[in-house]
Amino acid sequence: MASSTPPPHWSLTTSETSKNHHSRHLKNTQTATTKLNSRWTSKKVSLDHPPHPKNAPTALPPFSSTSQLSVDFSGKRSTRFVSKMHFGRPKFSSARHSSIAVDVLEMAIKCSGNGNGSGYGVENVLLNYESRLCGTDDYTFLLRELGNRGELSLAMRCFEFCVGRERRFGELGKLASSMISILGRLGKVELAEEVFKNAVNGGYGTTVFVYSAMISAYAKSGCCYEAFRVFKEMKDSGLKPNIVTYNALIDACGKGGAGFKRASEVFDEMLKTGVQPDRITFNSLLAVCSGAGLWEAARDLFHEMVYRGINQDIYTYNTLLDVACNSNHIDAAFEIMSEMATKGILPNEVTFSTMVRGCAKSGRFDKALSLFNDMKYIGIKLDRVAYNTLVAIYANLGRFDEALRIGNEMEAIGLKKDVVTYNALLDGFGKQGMYGKVKDLFVEMKAQNVSPNLLTYSTLISVYSKEGLYIEAMEVYTEFKHRGLKADVVFYSKLIDAFCKKGLVESSVLLLHKMMKEGINPNVVTYNSIINAYGQSTTADHSLHHEQWAGSSELTLTSGVAEPCANNEEGDNIERIFEQLLPGKSTSNKKVITSGQDFACILQVFQKMHELGIKPNVVTFSAILNACSRCSSFEEASLLLEELRLFDNQIYGVAHGLLMGLHENVWLQALSLFDEVKRMDSSTSSAFYNALTDVLWHFGQKRGAQFVALEGQRRDVWPYAWSSSCLDLHLMSSGAARAMVHAWLLSICSIVFEGKELPELLSILTGWGKHSKVVGDGILKRAVEALLISIGSPFRLAKSNIGRFTSPGAAVTAWLRESGTLKVLSLQDERNHPRGSQLFNLPLLPLTDLDVALSSNFQALPL
DNA sequence: TTAGGGTTAG
């Protein structure tokens, strides 16, 4: 790279405001500002949201006590680096080949299909037709078409034949770049590497085409590091990268998880070297945003394209939709979709699958399903991806008849159910506890010659383990081993979580050792499972004979980064764990561990994450606060948070401060943290507020909990949760919900005391027990019900809706006018900070002007 | 040289 420091004009990583755009455009294109402004003012509505004041910062060093909240805090960020690898997309050949080449192609394929698996005939065919084939164009056609048909070994033999007979370096280079490109497209990056090396060593590979093809092949397999290495080699050998090279390198950043900053550096370099970006450059940059969830940056890029006069195509729009869907901007996605029509870019099956997935992710299942109808209505055929998406939605919703019906419909149009279809069905049935059906499906898929993959096995083992069906789990694991598949971080994390859920924390830690010995690095998900288990455990399993475990002792977490284990002499720990869990070998010798031990373990896990550079996120935060709530004492909880401040003073400092009692300084810090959390996606921010209010409520800091919940409310963390007739609590934790019930009733109180009438019917919604196996029997509902009874409110469970409490407005009015009600509703903290009296200007409730003079009981309320 | 699908934590 020419420069490791991005030039000042480049700021897409931090979401440019239009002002940033100005300077950038001016520097890069010397265009008049007036022209620029006119372009900006003509922006379409869907892309015209005001820029965020402070967009997500670039990655910060971990655990910096003074830093802003890192994007890694989001619980929605994927831990997968290589996200999408759709190998085998056909590449259409140009029409430069002769008709003879088409015949030769058919003959070559026939040769391989006539029982002569050696492909012996291919060389003969080529020899026979050599004189009639029109040089490299025909050969590259053959290679590409063989690749499109999955005839990889035939393509390689054909390539070797051509290379053996060709003497001209130019033609050899063309053949090599074609072959590398075909192999890259098929995900055969190692073979591509071999062809590349031979080409370079043979003297015909030192061309921009060969190098670019290799970079692209690396990109497609997510090998970003290697792509950059080859890029450097290319420049070192005196070759000048062209637009294709740069585009491929940007693609590598997206597929290899190098991030937007790196991609923008590539973009800078291409500008600096005089290579003008094109549509594909921008489409690739947009794809980088998709992986990183950078909606603002994507929007800016789109504007930049418009400004530069680069036309958008279906790729541009589909990628932009993908960013919107991935970053929880589903409404914007719909607006973009309607904009496509006005530009004459017709949505295709990719557009619909992207949108359907976006809707499903945001919980709009009805909309997702109706999109499929739209798709059929306008005549877009459902393809494999669309069908599998549909099957997964029905399976997740527990609508199994429909899931199976879609599977059959898929087969009826000639698309066989594949491993993705079966995995979706197994996961859905498994989550609903339909183990018999799971077994049948697993048998069926194998009978249909659909090979189970790593995901199939990890799903089954996890499903069975969580239910305590260890015999079944072990059988599946044994089969997995016999298949010779290699476990990955997800496989282990699922297993670790399953054991954690059964309270088998020590077994989980031993699995952690095992995975690291195999060279598999745990990630934030793995550690969060363990922290969560410690927070919840009252017992630890001592079912295992520790002396059998080479290299593992106590609960010590393996130090350092995972390193591959050269030998595997210690046997298979997983099978041993299952054996110990089987009936008759029960875990009767569990010993009680104290929360103090838990704390030491949690701190140890946190320390380990720090050492490994694994950044804790909102789920970690939530798990730790839950653990605090399970502490035997307030002092212990505050001590744990105090310790964690050493790692992250911003987040744990605020949590600790609020727990100790409100005062001005901590509240100001809290407000600044809330502002940063607001920049995260909605599920991250609601998880944050839920966890924080829960722990405060748990320890009797109810006033603090209410302040926090109201700040969440002010920042739209729970949109549409609050109106004068209805309080919707279904996205809140029980602590947040109870704090909100108090705040809402106080606001209703202000309406009453202003002499206004209440609506005829008031409702409090708790939802249907989303996280409970028994519909309508959620923890939230029970907590709210107990609260409503304890404060003597007239709200009662609605007969027609088991997740709704209702009361006539008149009854609420009468109750609020009773003498003791106001006192019951106003909340106090059990512990006050010595400087708590300095509290002033606390946040305004989202209430109307509540008459402070109503009662001295309101002294504590932030009005 | 560019776009969509199934997996882990709360």
Side-chain angles (χ1 to χ4, degrees), chain A residues 75 78-80 84 86 89 91 181 184 212-213 215-217 219-220 242-252 254-255 278-287 290 313-323 325 348-358 360 383-392 395-396 418-428 453-459 462 488-498 500-501 522-533 535 617-623 625-626 683-684 686-688 690-691 733 771:
Chain A
S78 171
T79 58
R80 281 189 299 184
K84 299 161 194 164
H86 293 180
R89 275 211 172 100
K91 165 85 180 173
S181 148
S212 299
I215 291 168
S216 174
K220 289 196 174 73
N242 65 14
I243 181 80
V244 177
T245 325
Y246 281 113
N247 288 350
L249 203 56
I250 291 171
D251 191 35
K255 294 200 171 76
D278 65 1
R279 193 181 66 246
I280 294 176
T281 316
F282 278 94
N283 289 349
S284 301
L285 280 167
L286 283 171
S290 174
D313 61 5
I314 185 73
Y315 286 77
T316 318
Y317 274 100
N318 284 346
T319 313
L320 189 66
L321 283 176
D322 196 46
V323 189
C325 290
N348 62 10
E349 65 283 1
V350 176
T351 320
F352 275 94
S353 289
T354 307
M355 290 299 294
V356 166
R357 193 171 140 69
D383 63 0
R384 178 172 293 285
V385 175
Y387 271 113
N388 281 338
T389 307
L390 194 49
V391 168
N396 271 321
D418 63 6
V419 67
V420 179
T421 329
Y422 277 107
N423 286 349
L425 291 169
L426 288 169
D427 191 50
N453 63 12
L454 185 58
L455 181 54
T456 321
Y457 287 110
S458 66
T459 300
S462 163
D488 66 357
V489 61
V490 176
F491 182 93
Y492 272 109
S493 298
K494 281 181 99 159
L495 200 49
I496 284 171
D497 186 58
C500 284
K501 292 266 184 339
N523 62 23
V524 66
V525 179
T526 327
Y527 281 113
N528 282 347
S529 285
I530 293 173
I531 291 177
N532 202 47
N617 62 13
V618 69
V619 183
T620 324
F621 176 75
S622 177
L625 294 197
N626 278 334
S683 75
T684 298
S686 79
F688 170 85
N690 283 334
S733 64
H771 303 295

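The chains referred to below are lettered A, B, ... by the order of the sequence lines, with proteins before strands, and numbering in each begins at 1. Only this structure's heavy atoms are used, side chains among them; waters, hydrogens and symmetry mates stay out. What you see is a predicted model, and the numbers here were worked out from it, not measured in a lab.
Here the P atom of nucleotide B:dT1 and the CG atom of A:Asp278 are 13 Å apart, to the nearest Å. Between the CZ atom of A:Arg279 and the P atom of B:dT1 there is a distance of 14 Å, given to the nearest Å. Protein atom CG of A:Asn617 is 12 Å distant from nucleotide atom P of B:dA9, rounded to whole Å. Distance A:Ile496 CD1 to B:dG10 P: 14 Å, rounded to the nearest Å. Taking atom CG on A:Asn626 and atom P on B:dG10, their separation rounds to 10 Å, with Å as the unit. In this entry the distance linking CG of A:Leu495 with P of B:dA9 reads 13 Å, nearest Å. Per the geometry, CG belonging to A:Leu286 stands 15 Å off C1' belonging to B:dT1, to the nearest Å. Rounded to an integer number of Å, the gap from NZ of A:Lys255 to P of B:dT1 is 11 Å.
Among the nucleotides B:dA9, B:dG4, B:dA3, the one closest to the side chain of A:Glu349 is B:dG4. Residue A:Ile280 places its side chain closer to B:dT2 than to any other of B:dT2, B:dG4, B:dA3. Among B:dT2, B:dG4, B:dA9, the nucleotide with an atom closest to any side-chain atom of A:Asp383 is B:dG4. Relative to the side chain of A:Ser353, the nucleotides B:dG4, B:dA9, B:dG10 differ in distance, and B:dG4 lies closest. Relative to the side chain of A:Tyr315, the nucleotides B:dG4, B:dA9, B:dA3 differ in distance, and B:dA3 lies closest. Nearest nucleotide to the A:Thr354 side chain, out of B:dT2, B:dG4, B:dA9: B:dG4. Side-chain proximity of A:Asp251 to B:dA9, B:dA3, B:dG10: nearest is B:dA3. Taking every side-chain heavy atom of A:Val385 into account, B:dG4 is the closest of B:dA9, B:dT2, B:dG4. Considering only the side chain of A:Val244, B:dT1 comes nearest among B:dG10, B:dT1, B:dG4. Considering only side-chain atoms of A:Lys220, the nucleotide from B:dA9, B:dT8, B:dT1 that sits closest is B:dT1.
At the heavy-atom level, A:Ser216 lies under 4.0 Å from the strands shown only through sugar-phosphate atoms. Among the atoms of the strands shown, base atoms are found under 4.0 Å from some heavy atom of A:Val419. Looking at heavy-atom distances under 4.0 Å, A:Val391 makes no contact with the nucleic acid at all. Across all strands, A:Ala687 comes closer than 4.0 Å to base atoms (heavy-atom distances). As judged by a 4.0 angstrom heavy-atom cut-off over every strand, A:Asp427 is placed among residues making no nucleic acid contact. Among the atoms of the strands shown, none is found under 4.0 Å from any heavy atom of A:Asp488. A:Thr319 comes within 4.0 angstrom of sugar-phosphate atoms only, judged by non-hydrogen atoms across all strands, and of no base. Using a 4.0 Å heavy-atom cutoff across all strands shown, A:Ile314 reaches at least one base atom of the nucleic acid. Residue A:Asp497 is classed as a sugar-phosphate contact, given heavy-atom separations below 4.0 Å to backbone atoms only.
With hydrogens and angles ignored, the 3.5 Å screen pairs no side-chain donor or acceptor of A:Asp497 with any backbone N or O of A:Cys500.
Judged as a side chain to side chain donor-acceptor pair (under 3.5 Å), and not counting sequence neighbours, A:Asn626 has no contacts. For A:Ala687, the side chain to side chain contact (heavy atoms under 4.5 Å, CB included) partners are A:Val618, not counting sequence neighbours.
Side-chain contact check for A:Asn532 and A:Ser529: no donor-acceptor pair (N or O, by modelled atom type) lies under 3.5 Å. Under the 3.5 Å distance criterion, with hydrogens and angles disregarded, no donor-acceptor pair is assigned to the side chains of A:Asp322 and A:Thr319.
The base of B:dA3 lies outside donor-acceptor range of the side chain of A:Asp313, with no N or O pair under 3.5 Å. One cannot find a donor-acceptor pair under 3.5 Å joining the base of B:dA9 and the side-chain atoms of A:Asn523.
Contact annotation: A:Asn532 side-chain N/O to B:dG10 OP1/OP2 distance is under 4.0 Å.
Here the shortest heavy-atom pairing between A:Ser622 and A:Ala691 reads CA-CB, 3.8 Å.
Centroid-to-centroid, the aromatic rings of A:Phe491 and A:Tyr457 stay 6.0 Å apart or farther.
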